[in-house]
Amino acid sequence: MAVVMLLKCAISDEWRWSAVGEGGRRWSVVARGSRWWSAVARGGRRWSVVARGGRRWSAVARGGGRWSAVVGDGRRLLEAVGDMIWFYFTIIILLPFPNTTTLATSTGNQLGAIASARGGGDAVNKSCFHKERHALLHFKANLEDPGGRLSRWRVEDEDCCKWSGVTCNNQTHHVTVLDLSLYFLGGEISPSLLNLSYLNHLDLNRNNFNGTIPTFIASMTQLRYLDLSINKFHGTIPKFIGSLTQLRYLDLSYNNLVGSIPPAFGNLTSLRNFSLQTYVGYPPIEFEIENLDWLSNLSHLQYLNLWGSSLAKANHWVDAILSLPKLSYLNLEECRLSEVMHPYSSFVNSPSSSIQYLSLGYNNLNSSMYHWLFPLTSNRLLELHLSGNMLDWIPKYLGNLCSLTSLSFDRNSVHVHLPKFLNNLSGCTSYTLLELEAGYNQFTGPLSDEIQKFSSLQSLTLSHNHLSGSMSEKVWELSNLETLDVSSNSLIISPNNIGKSKLRHIDLSNNSLVVTPVEFWNTWPLQLTYLHISSNNINGEVSDLSSNFGHYSSIDLSSNNFYGPISMVPPTLVSLNLSKNKFYGGISFICQVVDDSLSLLDLSHNSFTGQLPDCLWNFKELRVLNLGDNNIFGRLPASIGNLVQLEALDLYKNNFSGELPLALKNCKKLQFLNLGDNKFFGNVPIWVGESLSSLYGLSLRSNNFFGSIPIQLCHLVNLQILDLSINNLNGTIPSCLNNLSVVVPGIIPVLEPNKHTYGMQDKDDKNLYIQYGSYADNAIINWHGNEQEFTSNLGLLMSIDLSSNNLTGQIPNELTDLHELLALNLSKNELLGEIPGKIGEMKKLLTLDLSRNNFSGRMPSSMSEMTSLDWLDVSYNNLSGRIPSSTQLQSFQPSKYTGNARLCGPPLTKSCPGDKVPSVASKSESGEEGTDELERWFYIGGGTGFATGFWIACVALLVNRRGRHVFFPFVDSVKDWVYVKVMLFIRKLRRVQHA
């Protein structure tokens, strides 16, 4: 039996009726037309209400005795209450009929079906739509995914909403967000993305997509967020982006785009965020923005980043910026602003800008820019960056910015008097400024009492300037100051009152610190996290370093005259640098560092003794370990294999012995390994070439290694420095050394491979690395016949030194393929045969030492092409024939060729066979030495020239009457003047003799 009930849905403006039928144990209700209600069902003991289209309602459910909340979006609370009254009224009517079903007679569909979106008739899926799922799979099929980040995008997985990078709408289940940032994808971006009709957020940044920006993006007009940054797109910015009028976020930074910004960008009236940061330096700037007129329509723009784009032709750009009423972030670094002829059209009397962050750094601006900077600044400004310019003063209006918290003025190359600089900032800015960055300038004068006006300062950086005189002790009284860096100046610093401060980060290195050794550590604040006082010539004993330092601290006492043993160190150190002092005793104190945070340990150039303790398992984050130039002895402990993050290991000039431990092969991130000048022995391990593939520098010089050079070293394709000299190696030179690709032309080496950063991972965010500083490798290299220390420039060196061994055989021809090599030393071996004929192709060689071998034959004529060579030694071989002629080869001392009995030609005095001996001129009968051909022509030319000049002068006087009347009286007057002077002198001389 069917029971039909008429229900009036009075929520809408028109009257609608729903039919009620009987069937099963379920209830369902279908609601009204354009503002319809979705089904209300009763099944078993549970009630559920799904969404209301358009202005949606979230589910209302009753399970057991519990009701969930009802939430509305887009309606006021009062309207929501009214809707709920009608909803409950419907339920009350239906409760007496538990076995009936409500049907929607107007549609003919099952009344339990739910519309997926307003105006749509598709049923809502629990997973994503088949069309969109197929579009994503087609998109993936055209991609290169080396990291397997899209491996879970599989045909058998029905719900694409759960795929990585995909986000769907909770109600409609349409794909709305595709975020594939940092997936390192490549290949083609498929037009199948057009089938994602509801996609409004597309993020493809930090991938390897190339080619031009796909044209089909023009049809994705629903996009609000588009990020294509940090890819390899090239060509011009397409005009069609201007048709994406719903865009609020657009980032095209770090691609290879050229040209200019299309005027159609003015159509992006909803845009809030636009970034076009470009690569600067190399390749050179190619993106030019000729005007900013398109900005005038972007009234909602809040964030604008054009770093690296050229604005050299953008006249009146200041006016364009001031037309943006909501702009809060502006970055115009390296935009060639100094080349703009007319930056603004008229002077603005008062600042009207809404900018809070303003960066104009590295534009080569001079102080004339302050005229147009004024309207861009206001009391809303929080951060101002003027670094990398040529500013020689600062205007007083910057001292009246009462909201300014951060000022960057570093790397300006003009002399600035610091007290005057601080005085101009001493308005209300002095009360709000929290950070002043002014390092790497040419500031002069002292750090005076003027600094006490900046009572809110938390960070003060004045490093690498020309400051001199005494540093004001008012610095220690700045109650909020936590960071102070005045390193690399000529300041006289007295830290006697430093204990009054709250400083935690202190860098006073490379100054003149005035301290009392006995009370030295009693004066410092407690809980320091960073203390660098290197290069201050401080004397005194340092035994306990644990009392003044907090967690995760960095200590640098290098290049002083500290002495004594070290007994205590903090247990949670990040870096410890005690190098270039006079410390002695054992180094067991390093075992007190029990946390994994230690990143740098440098104890080099001291007098430490004893063995390296076997507690290195505590140092899993250690990147740099330098124990060079001490008296440490014994074998390397097995725990060295736990240093899995180690990048540099320097044990040079100690007394370590034994074979290299196999555990060292676990240090796969090693880039620099210096074990020179020790007592290691055994074969050079083959695992060095197999496991330590990141090495750029390997020095095993001056040890007791024997056997042949393993060919596995040829696998070290990043190797720039190979030093196996002064050992007992035998066999031949491996011909595969030409595999060292870093010294082969066309391969660009890593910039500054000898530089290592050290710090620690953020304890809360493991993906964030907090950098404390940098470290540069150093090594002793045989250069021009002498041992020379290379420090910061070590990463530029490309050198092979196999000298002072027992190597035999010939120089492999393949070795001459190393065209980028700068130094090659094969001296003091037993090599034989001829010097390779193609050695002249190594045109970048600066030093070549082949001395004290058994080379024979002629010096190759190609050596005359080695125009960069400035040091050569081929002495004590069996070379013969003429020394090739070139500017370089004849400029070396004859001693560099001695010991080759059959070698001849300049610079040796020995002539080669067939050379013409120059004739010696015979003496004439009068006993005078005859002149050669050149001398005869010299006299002939001189006589002819004199005669010609004489007769020209005589003829001129004979012809020119006026000339004769002037010339001869002049000669007479000169003759008379000389005669008078001579006679007076003679008379005086006679008087003196007479007296």
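As a basis for the values below, the full set of heavy atoms in this structure was taken, side chains included, without hydrogen atoms, waters or symmetry mates.
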Side-chain H-bond candidate by donor/acceptor type, Ser253 with Ser275, under 3.5 Å
yes
Does a donor on one side chain and an acceptor on the other come within less than 3.5 Å for Gln277 and Tyr254?
yes
Does any part of the side chain of Leu295, heavy atoms only, come nearer than 4.5 Å to the side chain of Phe274, both counted from C-beta?
no
Just so I know, are the side chains of Ile355 and Ile321 near enough to count as touching, which here means a heavy-atom distance under 4.5 Å?
yes
Flag if over 12 foreign heavy atoms under 6.0 Å of [atom1], [X]:
X	atom1	answer
His134	NE2	no
Lys131	NZ	no
Lys140	NZ	yes

Which pair of heavy atoms, one from Glu334 and one from Trp307, lies closest together, and at what distance?
OE2-NE1, 3.1 Å
To check you understand the geometry: which heavy-atom pair defines the closest contact between Phe129 and His173, and what is its length?
CD1-O, 3.7 Å
Could you list the donor-acceptor pairs under 3.5 angstrom formed between side-chain atoms of residues 257-271 and any protein atom two or more places apart in sequence or on another chain?
from, atom 1, to, atom 2, distance (Å)
Ser260, OG, Glu288, O, 3.0
Asn267, ND2, Ala264, O, 3.3

Look up atom [atom1] in [X] and atom [atom2] in [Y], then write down how far apart they are to the nearest 0.5 Å.
X	Y	atom1	atom2	value
Arg224	Arg272	CZ	CZ	9.0 Å
Leu185	Leu204	CG	CG	8.0 Å
Thr757	Glu647	OG1	CD	6.5 Å
Asn207	Leu182	CG	CG	8.0 Å
Asp157	Leu136	CG	CG	12.5 Å
Gln671	Ser693	CD	OG	10.5 Å

Measure from the side-chain N and O atoms of [X] to the backbone N and O of [Y], and report whether any donor-acceptor pair falls under 3.5 Å.
X	Y	value
Thr176	Tyr198	no
Trp153	Ser164	yes
Ser309	Phe287	no
Asp227	Ser229	yes
Ser694	Lys669	no
Ser599	Gly759	yes

Scan residues 134-164 for pairs that pass disulfide (SG to SG under 2.5 Å), counting only residues two or more places apart or in two chains.
Cys128-Cys160, Cys161-Cys168
side-chain hydrogen bond (donor to acceptor under 3.5 Å, both in side chains) pairs, two or more places apart, involving residues 179-197
His138-Ser190, Asp179-Ser181, Ser190-Ser192
Let me know which of Leu199, Asn200, Leu202, Asp203 forms a side-chain contact (heavy atoms from CB on, under 4.5 Å) with Tyr225.
Asp203
